[in-house]
S.K.: 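What follows is a structure written as structure tokens; I'll ask about it next.
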Amino acid sequence: MIEFLHVYKTYPGPVHALKNVELKIGKGEFVFLTGPSGAGKTTLFKMISAYDTATSGDVKVAGYNLQEIQDKQIPFFRRKIGVVFQDFKLLKDRTIFENVALPLLVRGDKAQSVQRRVYDVLEQVGLAHKHDQYPDFISGGEQQRTAIARAIIHQPGVLIADEPTGNLDPRLSEEIMDLLERVCSQGTTVFVATHDHEMVKRRKKRTLELKDGAIVGDTL
Amino acid sequence: MRPAAKNLALKLSTVIVATACFAVISTGLVLSKNFRKMITLWGESVQLTVYLSQDISASGTEHIQKILKSSAQVESVKYITQEKALGDFRTQLASYAPDLTQDDELLQLIPASLEVSLKSSVPAAEHLGILSGLASKVKNLEGVDEVSYGQEWVSKYSALVSAFEVVLNLLGLVILAASVFVMSNAIRASVNSRKDEIVVLEMIGATQSMVRKPFITEGALLGAMSSAMAVILSFMLYTLMKNILQGRLSFLQLSEHMSFLSIVGVIGFVICGTLLGAFGSYLCVRRVNDGWAGSQG
Ligand SMILES: Nc1ncnc2c1ncn2[C@@H]1O[C@H](COP(=O)(O)OP(=O)(O)OP(=O)(O)O)[C@@H](O)[C@H]1O
Ligand SMILES: [Mg+2]
């Protein structure tokens, strides 16, 4: 599902953010990405989501070769993945329901099937009763669950989450991780970057460790 | 403020700013149209009058006419007979001095004349030179009594017209530039306030045109609404001006020559406003940051 071959990323400076990264994550796997601040975790996720291209090497995600992808194809590639950010990125002037429905509306689904699917997913993340609330009026944990609902509603093959619990307290963090594991068990590849070593240890999942732009550990 | 209310407040202030800009432009257009019109009206009375002596022969008149017509800038040379001149004089005076118009002796006092008017393509600034040239050409011919072209008045008029034209063009340019600047700022503010929305739309796979469409539609709507309101505003201003000219300043006789923008002009103005709004939005919606900015170490 995700494949990096000899990937280098150099920012002007020069900053060597990624150095000869090799990795392969299969369908339905759950993988943690850890490493100190500045190690290159976010950079790696930018490559996966086609927000930036590698300086050299190959990046393949969900059947797309992102080194060769044309700008016009990027929106269609993005419909095959789900992205979760630390700061949720919900639209504040739309209800929970409307936020979650966006990916389906963008690809042109019919209103009726959108409605059914949104309620299904909200049920799954335990937010069906808050569907007509605005993001500013629900808790941080609920906002992140909304963001996850939006990231999985179109049943993407890959879900990447960059520090999804960075703004949440430990109890809510556990809730979010449980939810991500459930998403994975339904067949989606889940890739999560985090600083939280304790949680990574407890979860006993495959963990990649990044340091100074190079992969220095893989528990596989 | 609720998110929707905040959004509305921003939109409202953008509409107000854009309306003000468009109103300045449309009022400027109306003013310039009427100035130009008045200037041409005055211009029509700028002509050379050659007064003929009583005893001039028909061939003598023709000879002078031919000389005048040979100039490339002359549009027409009209022969005003003594009878016609008197008739005009009578109608003009009828209401003031009815007795005077009965007096046949007057006929002897009013001479026949040739009225020379210049082509409309001749720039106003050159009128004086051309008219004085023509005047000196015919002044000493036999049968010419007197030549008049309101020298002083014409020279003032020419200077006035060229000054007006320069000032109007400069002013129009400055106002247009300022309006475009203010409008694009307003639209950019609106786009910036919705940056989050663009980031999210790009993340979930909206195409470039999907992302742009709502902004362009909004910009077009903004332009249409603002320019339409601006036309209404300047029409109100125009009516007010006209009423003042008709009432307290009626002796100037300006109001009957005044006109607002034509229907075509109004429609064109609103269409231009709509396009300007849409184009402004199009330029403002570029790719924003990629959403990972918040998670950089
Ligand atoms: N757009 C950029 N231009 C220049 N340098 C950059 C850019 N983005 C990242 N970097 C640099 O690349 C390196 C890796 O950054 P990255 O954001 O990937 O780290 P990270 O592992 O996500 O850190 P954190 O845990 O703090 O989020 C850092 O040294 C950073 O300063
Ligand atoms: Mg990061």
Side-chain angles (χ1 to χ4, degrees), chain A residues 17 35-43 45-46 49-52 71-95 99-108 134-137 147 150-151 153-154 156 160-164 166-167 193 195, chain B residues 1-15 186-222 225 281-297:
Chain A
S37 191
K41 302 184 293 295
T42 298
T43 305
F45 277 10
K46 275 193 199 177
S49 52
Y51 277 107
D52 210 341
D71 276 357
K72 268 195 185 141
Q73 286 182 289
I74 288 177
F76 300 99
F77 162 70
R78 297 247 172 86
R79 295 176 196 182
K80 299 273 188 285
I81 63 169
V83 183
V84 174
F85 298 95
Q86 182 174 350
D87 58 352
F88 323 135
K89 300 230 182 295
L90 299 175
L91 299 184
K92 295 195 189 311
D93 58 348
R94 317 236 181 148
T95 62
N99 268 283
V100 172
L102 275 178
L104 299 184
L105 298 178
V106 153
R107 72 180 189 192
Y134 286 88
D136 280 343
F137 300 96
R150 183 182 61 193
I153 193 165
H154 53 300
I160 56 174
D162 194 5
E163 318 233 14
N167 286 354
H195 275 125
Chain B
M1 252 196 291
R2 276 187 80 85
K6 203 167 141 193
N7 223 329
L8 194 75
L10 182 79
K11 271 179 198 155
L12 211 68
S13 57
T14 310
V15 168
I187 291 171
R188 192 168 307 134
S190 156
V191 169
N192 275 347
S193 79
R194 290 167 68 181
K195 233 179 194 164
D196 297 345
E197 188 174 343
I198 300 177
V199 167
V200 168
L201 286 174
E202 286 186 346
M203 180 189 77
I204 63 174
T207 58
Q208 178 109 73
S209 61
M210 280 171 166
V211 172
R212 276 184 165 156
K213 212 172 127 192
F215 288 98
I216 293 173
T217 311
E218 189 190 311
L221 216 68
L222 170 83
M225 257 167 65
S281 296
Y282 178 83
L283 287 184
C284 286
V285 188
R286 301 236 176 77
R287 287 195 164 223
V288 221
N289 80 70
D290 54 28
W292 298 97
S295 40
Q296 246 162 46

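To find a chain, count down the sequence lines: A is the first, B the second, and so on, and within it residues start at 1. For the numbers below, each heavy atom of this structure counts, side chains included, while hydrogens, waters and symmetry mates do not.
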S.K.: As an exercise: rank A:Lys72, A:Arg79, A:Lys41 by heavy-atom pairs under 4.5 Å with chain B and give me the winner.
M.R.: A:Arg79
S.K.: Check whether A:Leu102 gets within reach of chain B through its side chain, its backbone, both or neither, counting any heavy atom under 4.5 Å.
M.R.: both
S.K.: ring-ring contact (aromatic ring centres under 6.0 Å, His included) with A:Phe77: which residues, sequence neighbours excluded?
M.R.: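 In terms of ring-ring contact (aromatic ring centres under 6.0 Å, His included), with neighbours along the sequence ignored, A:Phe77 is linked to A:Tyr64.
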S.K.: Taking side chain as everything from C-beta outward and backbone as N, CA, C, O, which of these in B:Met203 sits under 4.5 Å from a heavy atom of chain A? Side chain, backbone, both or neither.
M.R.: both
S.K.: Quick one: does any side-chain atom of A:Arg78 pair with a main-chain N or O of B:Glu202 as donor and acceptor, under 3.5 Å?
M.R.: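 Present.
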S.K.: Show your reasoning for whether side-chain contact (heavy atoms from CB on, under 4.5 Å) applies to B:Asp196 and A:Lys92.
M.R.: CA-CA 9 Å; B:Asp196 297 345; A:Lys92 295 195 189 311; 5.6 Å; no
S.K.: Looking only at heavy atoms, what is the nearest atom pair of B:Ile204 and A:Arg150, with distance?
M.R.: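 Heavy atoms only, the tightest pair is CG2-CD, 4.4 Å.
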S.K.: What is the minimum heavy-atom distance between A:Phe76 and B:Thr207, and which atoms define it?
M.R.: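 Of all heavy-atom pairs spanning A:Phe76 and B:Thr207, the closest is CZ-CG2, 3.9 Å.
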